[in-house]
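See below for the structure under consideration.
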Protein chains: 2
Amino acid sequence: MLELLVRMRNIRNNASGEMVGHPVTAQRRLLLDLIRGAGGHIDAKEIYRRASSQEESISLATVYRSLRLFKELGLVDERRLGKVRCYYETKRSVEHQHLVCKRCGKVLEFESPLIGELVAKAQREYSFKVTQAELCIEGYCRECKKKDS
Amino acid sequence: MLELLVRMRNIRNNASGEMVGHPVTAQRRLLLDLIRGAGGHIDAKEIYRRASSQEESISLATVYRSLRLFKELGLVDERRLGKVRCYYETKRSVEHQHLVCKRCGKVLEFESPLIGELVAKAQREYSFKVTQAELCIEGYCRECKKKDS
DNA sequence: TTAAGTGCAAAGGCTTTGCAGCATA
DNA sequence: TATGCTGCAAAGCCTTTGCACTTAA
């Protein structure tokens with residue numbers, strides 16, 4: 001946690017080239033804590049709901065503004081899973097992808113070196129500079145598969 | 001084209017088990033034509049813009065309702081590329097994925113058998129019944145890469 | 001002290017829906 | 001003729017923004 005806050009405080013260069021920081025406010029600390037504690041796959045509304053219960057006056061606007069900042073600083077990843085909503089999770093060292101159940105909404109994590117190969121292929125064949133690769137697999141999880149049949 | 005309309009007309013079962021169809025209206029014909037003619041990656045607003053120029057009174061609601069029907073009938077695929085918008089394209093035999101340029105918005109198509117392997121792995125390891133797999137790669141295309149550096 | 005963050009409320013963009021009238025089969 | 005599609009306008013959902021006030025450093 002500490003290192004994230006340090007990173008927040010020392011990340012920009014101002015006009016004179018000095019390193020200047022983003023103030024570490026109580027709200028930002030709380031939100032980052034919540035996202036880290038959520039273990040991945042939490043959306044803005046749920047972050048707001050949990051934050052409100054600890055800090056009644058926090059606003060949804062602050063949640064979105066903080067999420068944008070965290071993204072820019074590389075502290076969290078934003079993923080668009082399923083239909084509409086964005087989900088957030090703190091950045092992890094190992095790349096992973098998601099399986100989303102269309103019936104119960106459960107999100108499973110999924111890892112494979114093949115993703116890296118796909119990215120490499122895109123770079124090679126299209127001279128494309130890849131900044132992000134997202135595989136979203138939709139379907140039905142083990143339990144929901146049974147229930148439906 | 002013809003076969004798509006036939007499909008639309010004969011796709012449902014009513015309460016008595018007879019096949020009944022969705023009426024083929026002028027609007028649906030026009031919209032399906034436009035989507036097929038667009039060669040992929042067209043969004044609802046653009047579909048509406050083009051449709052309006054041929055049929056002034058058509059409404060955006062009809063565009064969205066038709067898109068939903070086409071999806072349900074399996075006539076078109078809906079893909080969420082980049083940040084927010086959905087793009088539509090007529091269903092093709094070969095599965096493919098997309099590379100989206102963050103600078104100019106261009107969408108490149110991308111094919112690889114590795115996707116199939118990933119899906120197979122998900123099914124195997126998680127007992128997951130996969131209905132859709134979408135890989136969205138973001139980054140910078142050849143031209144924009146040059147311009148930026 | 002001062003640049004930057006915050007809450008609030010309003011607005012924005014995309015998509016869906018209620019309703020009365022109209023068209024397809 | 002009867003089911004169900006259409007246009008219109010309003011609403012819904014998620015996200016962003018303008019403004020005046022407050023706060024971290």
Side-chain angles (χ1 to χ4, degrees), chain A residues 5-16 18-32 42-49 51-52 54-73 76 78-88 105, chain B residues 5-16 18-32 42-49 51-52 54-73 76 78-88 105:
Chain A
L5 300 176
V6 169
R7 199 154 156 200
M8 199 182 305
R9 287 227 47 244
N10 295 289
I11 206 145
R12 290 172 315 147
N13 286 47
N14 68 9
S16 333
E18 308 165 67
M19 289 298 264
V20 294
H22 299 271
V24 176
T25 63
Q27 289 91 333
R28 287 176 181 172
R29 209 187 313 261
L30 169 60
L31 292 171
L32 203 46
I42 188 170
D43 65 14
K45 207 164 104 190
E46 178 62 18
I47 294 170
Y48 173 61
R49 206 187 57 69
S52 300
Q54 288 188 49
E55 181 73 42
E56 217 178 310
S57 72
I58 201 169
S59 78
L60 191 51
T62 294
V63 172
Y64 279 108
R65 281 188 284 233
S66 299
L67 285 171
R68 182 157 49 172
L69 175 68
F70 297 163
K71 269 189 286 174
E72 284 167 13
L73 301 187
V76 308
E78 176 187 69
R79 308 283 310 240
R80 189 175 292 277
L81 304 179
K83 288 292 89 183
V84 182
R85 231 180 246 84
C86 286
Y87 292 81
Y88 299 86
Chain B
L5 300 177
V6 169
R7 199 155 157 199
M8 201 182 301
R9 286 230 44 246
N10 295 288
I11 208 145
R12 290 174 314 150
N13 286 48
N14 67 10
S16 332
E18 307 164 69
M19 289 298 264
V20 294
H22 298 272
V24 177
T25 64
Q27 290 91 334
R28 286 175 182 174
R29 209 187 313 262
L30 168 60
L31 292 171
L32 203 46
I42 187 170
D43 65 16
K45 207 164 104 189
E46 178 62 17
I47 293 170
Y48 173 62
R49 208 188 55 70
S52 299
Q54 288 187 48
E55 180 74 39
E56 217 178 310
S57 71
I58 201 170
S59 78
L60 190 52
T62 295
V63 171
Y64 278 108
R65 280 189 283 230
S66 300
L67 285 171
R68 181 158 49 169
L69 176 67
F70 296 163
K71 267 189 286 172
E72 284 169 11
L73 300 187
V76 309
E78 178 188 68
R79 307 285 307 239
R80 190 174 293 276
L81 305 178
K83 288 291 91 182
V84 183
R85 230 183 246 83
C86 286
Y87 292 81
Y88 299 86

How long is the line joining [atom1] of [X] and [atom2] of [N], in whole Å?
| X | N | atom1 | atom2 | result |
| --- | --- | --- | --- | --- |
| B:L31 | D:dG7 | CG | C1' | 13 Å |
| B:L30 | D:dT6 | CG | C1' | 14 Å |
| A:R28 | C:dG7 | CZ | P | 11 Å |
| A:Q27 | D:dT23 | CD | C1' | 9 Å |
| A:D43 | D:dT15 | CG | C1' | 13 Å |
| B:E56 | D:dT6 | CD | P | 18 Å |
| B:F70 | D:dC5 | CZ | P | 11 Å |
| B:E72 | D:dC5 | CD | P | 10 Å |

Under 4.0 Å between a side-chain N or O of [X] and OP1 or OP2 of [N]?
| X | N | answer |
| --- | --- | --- |
| A:H22 | C:dG5 | yes |
| B:S66 | D:dC5 | no |
| B:K45 | C:dC14 | yes |

Measuring from [X]:[atom1] to [Y]:[atom2], what's the distance to the nearest 0.5 Å?
| X | Y | atom1 | atom2 | result |
| --- | --- | --- | --- | --- |
| B:S66 | B:Y88 | OG | OH | 11.0 Å |
| B:Y64 | B:K45 | OH | NZ | 9.0 Å |
| A:I47 | A:I58 | CD1 | CD1 | 10.0 Å |

Show me the protein contacts with nucleotides 16-20 of chain D, counting only N or O atoms at under 3.5 Å.
{"unit_1": "D:dG18", "atom_1": "O6", "unit_2": "A:R65", "atom_2": "NH1", "d": "3.4"}

Practice item. Could I get the full list of side-chain hydrogen bond (donor to acceptor under 3.5 Å, both in side chains) partners for B:S59, not counting sequence neighbours? Key: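 Only B:T62 meet the side-chain hydrogen bond (donor to acceptor under 3.5 Å, both in side chains) criterion with B:S59.
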Review point. In terms of side-chain heavy atoms of A:P23, which of D:dA24, D:dG7, C:dT6 is nearest?
Key: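 Minimum distance to the A:P23 side chain belongs to D:dA24.
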Exercise for review: Taking only the side-chain heavy atoms of A:T62 (C-beta and beyond), determine which of C:dT6, D:dG7, D:dG4 contains the nearest atom.
Suggested key: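 Minimum distance to the A:T62 side chain belongs to C:dT6.
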Point to revise | Test side-chain contact (heavy atoms from CB on, under 4.5 Å) applied to A:E46 - qualifying residues, sequence neighbours left out | key: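 Partners of A:E46 under the side-chain contact (heavy atoms from CB on, under 4.5 Å) test: A:I42, A:D43, A:R49, A:R50.
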Review point. Are any non-hydrogen side-chain atoms of A:F70 and A:R28 less than 4.5 angstrom apart?
Key: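 A:F70 reaches A:R28 side chain to side chain.
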Check your understanding: Under a 4.5 Å cut-off applied to non-hydrogen side-chain atoms, are A:L32 and A:V76 in contact?
Key ->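 Yes, at least one pair of side-chain atoms sits under 4.5 Å.
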